[in-house]
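One structure below.
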Amino acid sequence: MITAGIDVGAVSIKIVILDKDNGILASNIIPTTVDSRKAAQKALDKTLEDGGLKFEDIGYILGTGSGRFNISFISRQ
């Protein structure tokens with residue numbers, strides 16, 4: 001199963017996409033902007049692209065950080 005973790009902080013958004021069998025598939029750190037929702041989506045899109053993945057490939061997304069409540073695509077906070 002492919003999972004993702006996204007930390008939406010005040011300064012940066014950190015994201016990692018993992019595969020249970022193959023480890024880290026892709027990761028990124030981008031600055032948080034005034035619009036943390038848009039920045040989080042940008043981080044996810046870029047990380048998916050880097051890993052050659054689509055959103056549908058991810059089975060679960062865990063969110064952490066102060067801005068996690070603003071992100072609609074997170075499975076659990």
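Both M1 and L62 sit in one connected hydrophobic cluster of ILVMFWY residues. Membership requires side-chain heavy atoms under 4.5 Å apart, directly or through other members. Cluster membership check: I29 does not share its hydrophobic cluster with I71, using side-chain heavy-atom separations under 4.5 Å among Ile, Leu, Val, Met, Phe, Trp and Tyr.
Of all heavy-atom pairs spanning S36 and N70, the tightest one is OG-ND2, 3.6 Å. Scanning all heavy atoms of the two residues, the minimum distance from F73 to A40 falls at CZ-O, 3.8 Å. Heavy-atom minimum distance, T32 versus A10: CB-O, 3.7 Å.
Other residues sharing a hydrophobic cluster with V16 under the 4.5 Å side-chain heavy-atom criterion for ILVMFWY residues are L18, I24.
Legend: side-chain hydrogen bond (donor to acceptor under 3.5 Å, both in side chains) pairs involving residues 12-28, not counting sequence neighbours, sorted by first then second residue: D7-K14, S12-K14, D19-N22, N28-T47, N28-D50. Pairs passing the salt bridge (Lys or Arg N to Asp or Glu O under 4.0 Å) check and including a residue from residues 23-38, sequence neighbours excluded, do not occur.
In this view, I58 and I2, A4, I17, L44, L48, I61 satisfy the side-chain contact (heavy atoms from CB on, under 4.5 Å) rule, not counting sequence neighbours. A search for side-chain contact (heavy atoms from CB on, under 4.5 Å) contacts involving E49 returns nothing, not counting sequence neighbours.
The closest side-chain heavy-atom distance from L25 to L53 is below 4.5 Å.
The backbone N or O of K42 lies less than 3.5 Å from no partner atom in the side chain of D45, so there is not a single donor-acceptor pair.
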